[in-house]
Structures are given as C-alpha cells and as structure tokens.
Number of protein chains: 2
Amino acid sequence: MSKQELEVLGQDTDGACCERLASAPLDEDRATELAGVFKALGDPVRLRLLSMIASRDGGEVCVCELTPAFDLSQPTISHHLKLLRQAGLIDCERRGTWVYYWALPEALARLASFLTVPQSAGANA
Amino acid sequence: MSKQELEVLGQDTDGACCERLASAPLDEDRATELAGVFKALGDPVRLRLLSMIASRDGGEVCVCELTPAFDLSQPTISHHLKLLRQAGLIDCERRGTWVYYWALPEALARLASFLTVPQSAGANA
DNA sequence: GGCTTGTATCGATGTTCGTCTATGCAACCT
DNA sequence: AGGTTGCATAGACGAACATCGATACAAGCC
C-alpha cells in the first residue's frame, strides 16, 4: 500500500539552486508533472486533509480521525487521500485494523522552493 | 482591466510568522480560498504561462508573444490568462494595441511560505 | 468458523473544466 | 470612414472530476 506515489519533485535535497518557476520557462513535460501536484492541492477537502496530516505533531493520523471531520462519505475521503498519495504528498501504512497517514515534508519543501522567487524579479504589485 | 484578482493570499509582507499548511488545520473557508489559487496552478498550460511571465527579466510579456508558444487557439490562451489573473498571480495592462502581463511576486512568495514546513515536522520519507 | 468494524474499490451521476468556433471590442492605419 | 490586427467574451461540447451507494477486502473478536 506504500509505493504508488509519483516521483515528480526533483532530487536536490540541499534546496539551494533548485528548479524555480520564475527562473526559466518550464518545458511541457515538466509542466505537466508539476501541474499534477498542484492539482492535488487544488481542492478544499484535500487541502484540509493535508493540513490536518502535516500539522500533526506525532506525524501520523489515523483515517478514523480524518473521516468524521468532514460532511462527506467515507469513500470520498478515501478517494481524496489516494489522490494526495499519488501526488507524492503523503504516504500511509496499515497497522492492524487502522491505516495511518503521514505527510512527506520533502515534497512540500520542494514545492515551496519551486515557487520561491529568486531575487528582485519584478517588485511590482 | 486591472482590478479583478482576488485578495486571497494574506497580508504579512515580512513573511516571518505567516500562515502555514503544516502549522494548524485549515478551516473550511480558508481552504476553499487557497485551493482556488492552487487550482489555477494545476494546469500545464497555465503553469507554463506563469513561468514564461515570471521568468521574464523585464517583468512584462506581451500576449502576442505568449499565444504562439502553444498549440492552442488564441481564445484558449486568453482564458487561461484570465484564470491566472483572477487567482491573483498575475496582472495586465493594455498599452496601445498590445496587452502586457506581469507576475505578482508577492503572491508567489506567500504561497511558497504557506507550503514551507516549519521545522522538524516528521522527517519521514 | 461467522460476525463486526475499518478502509479501499467499483460504477453511476451531476458538475466543473479545457478547448473550440464565432463574434465583439479597441486601437492603429490609410 | 473603412479596413486590419490584437485580444477578450460568449456559447457549445466532450473529458475529467467530486461525490455517492453498494460492495469487496482486511483484521479483530466471539
């Protein structure tokens, strides 16, 4: 249940000279990959799920705790969790009866640095 | 043509103690607002458009330069630019015959800091 | 073994989205 | 004024998506 997510976000762990939205025009394939990740964030339910998971101190959240937090059916929540996992933002493991999800902070960090504007870059607005 | 974008991304310009995905669970309304912005980034064409605009040194790009870069009709590009503008990520101005678009770096910066993981926060993956 | 509970998958359905063609509007040029 | 070019808007259409109920699977309990 644990190795289905895409490996879309680059590998430079130091986060120094990474790929950036505002550095050079994205090529088509890369844009498609990254758009998939942003699309996973582009739903209020998934954003709340990810926030609930990522802000958890222990790092892990049981599905049984996530589902009742929404006015949605259990299959719907399960579906959203699957999409977040396929986007590489979270992962999960079954332990006995329950399934636990946790965030993948490196994925979030890479996304954040991708959006970071290098230096001056406009200064409009 | 220039005051249609939403004001969804918060106001703290110092970027220090800002709202963060992994700090506390998002409430429903805020999640809906932010999801709208991520949804705007969740399309390959829009991501390439934004990248082309944000990476431009002068800061501005003429639509007449964006449209021919895609295998899409001119109205389709215009539609995507409109969505990016409504998300508060870019803005535009008509100057004579041509319309120029530029990125709003503060919006990108706020998104980036929103995704930034505070400290340890898991260390899994 | 059978029952119960937690979670995932399947199939259907209404809505949203990306794209197109056709058209409208704004600015330039004779 | 009339024609041309650049860009936006309107309406239509197929594909993708969010949601549901029904069902399957996994694990614990009796």
Side-chain angles (χ1 to χ4, degrees), chain A residues 1-5 28 31-50 52-53 60-87 89-102, chain B residues 1-5 28 31-50 52-53 60-87 89-102:
Chain A
M1 180 180 278
S2 214
K3 260 314 168 189
Q4 186 173 346
E5 73 276 0
E28 203 170 334
T32 301
E33 293 173 343
L34 285 164
V37 182
F38 284 118
K39 193 178 300 183
L41 297 175
D43 180 273
V45 176
R46 285 194 293 271
L47 214 46
R48 287 178 64 199
L49 281 169
L50 181 58
M52 292 174 70
I53 297 171
E60 296 181 341
V61 188
C62 177
V63 175
C64 61
E65 204 171 339
L66 296 171
T67 304
F70 297 83
D71 270 344
L72 293 169
S73 70
Q74 174 267 321
T76 297
I77 300 299
S78 187
H79 172 243
H80 284 305
L81 288 170
K82 182 181 184 178
L83 293 186
L84 285 172
R85 194 157 52 86
Q86 289 178 331
L89 295 167
I90 61 176
D91 203 355
C92 67
E93 183 185 26
R94 169 164 227 133
R95 276 203 293 282
T97 306
W98 294 279
V99 176
Y100 295 88
Y101 279 81
W102 59 86
Chain B
M1 181 181 276
S2 214
K3 261 313 170 190
Q4 186 172 349
E5 73 275 1
E28 203 171 334
T32 301
E33 294 173 342
L34 285 164
V37 182
F38 284 119
K39 194 178 300 184
L41 297 175
D43 179 272
V45 175
R46 286 196 291 271
L47 215 46
R48 288 179 63 200
L49 280 169
L50 181 59
M52 292 175 70
I53 297 172
E60 297 181 340
V61 189
C62 177
V63 175
C64 62
E65 204 172 339
L66 297 171
T67 305
F70 298 83
D71 270 344
L72 293 169
S73 70
Q74 174 267 319
T76 297
I77 300 299
S78 187
H79 173 242
H80 284 305
L81 288 170
K82 182 181 185 177
L83 293 186
L84 285 172
R85 194 156 53 85
Q86 289 179 330
L89 295 167
I90 60 176
D91 203 354
C92 67
E93 184 185 25
R94 170 166 225 131
R95 275 204 294 280
T97 306
W98 293 280
V99 176
Y100 295 88
Y101 280 80
W102 59 87

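Protein chains get the first letters and strands the later ones, always in sequence-line order, with residue 1 at the start of each.
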Return the 5'-most residue of the pair Q74(B), G42(B) with respect to DNA chain C, ranking by each residue's nearest nucleotide.
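Upstream on the strand: G42(B).
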From L89(A) CG over to L84(A) CG, what is the distance, rounded to the nearest 0.5 angstrom?
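Here the rounded value is 6.0 Å.
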Using 0.5 Å steps for rounding, measure from the CG atom of D91(B) to the CG atom of L81(B).
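One gets 11.5 Å once the value is rounded to the nearest 0.5 Å.
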Rounded to whole angstroms, how far apart are [atom1] on [X] and [atom2] on [N]?
| X | N | atom1 | atom2 | answer |
| --- | --- | --- | --- | --- |
| W98(B) | dG6(D) | CH2 | P | 8 Å |
| Y100(A) | dT7(C) | OH | C1' | 13 Å |
| H80(B) | dT9(D) | NE2 | P | 15 Å |

Options [options], nucleotide nearest the side-chain atoms of [X]:
| X | options | answer |
| --- | --- | --- |
| T97(B) | dC20(D), dA10(D), dA27(C) | dA27(C) |
| S78(A) | dT9(D), dA8(C), dC17(D) | dA8(C) |
| R94(A) | dA27(D), dT19(C), dG21(D) | dA27(D) |
| D43(B) | dA22(C), dG18(C), dA26(C) | dG18(C) |
| C64(A) | dG6(C), dA18(D), dA26(C) | dG6(C) |
| R46(A) | dG18(C), dA18(D), dT19(C) | dA18(D) |
| L83(B) | dA18(D), dG18(C), dA10(D) | dG18(C) |

Y100(A) six-ring centre to R95(A) NZ/CZ under 6.0 Å and within 45° of normal:
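Geometry flag: set, cation within 6.0 Å and 45°.
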Starting at the 5' end of DNA chain D, which residue's closest nucleotide do you reach first, G96(A) or H79(A)?
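Counting from the 5' end, the first nearest nucleotide belongs to H79(A).
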Hey, is the side chain of K39(A) poking within less than 4.0 Å of OP1 or OP2 on dC17(D), counting only N and O atoms?
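Yes, such a contact exists.
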Indicate whether OP1 or OP2 belonging to dT19(D) is found under 4.0 Å from a side-chain N or O atom of S73(A).
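Answer is no, no contact under 4.0 Å.
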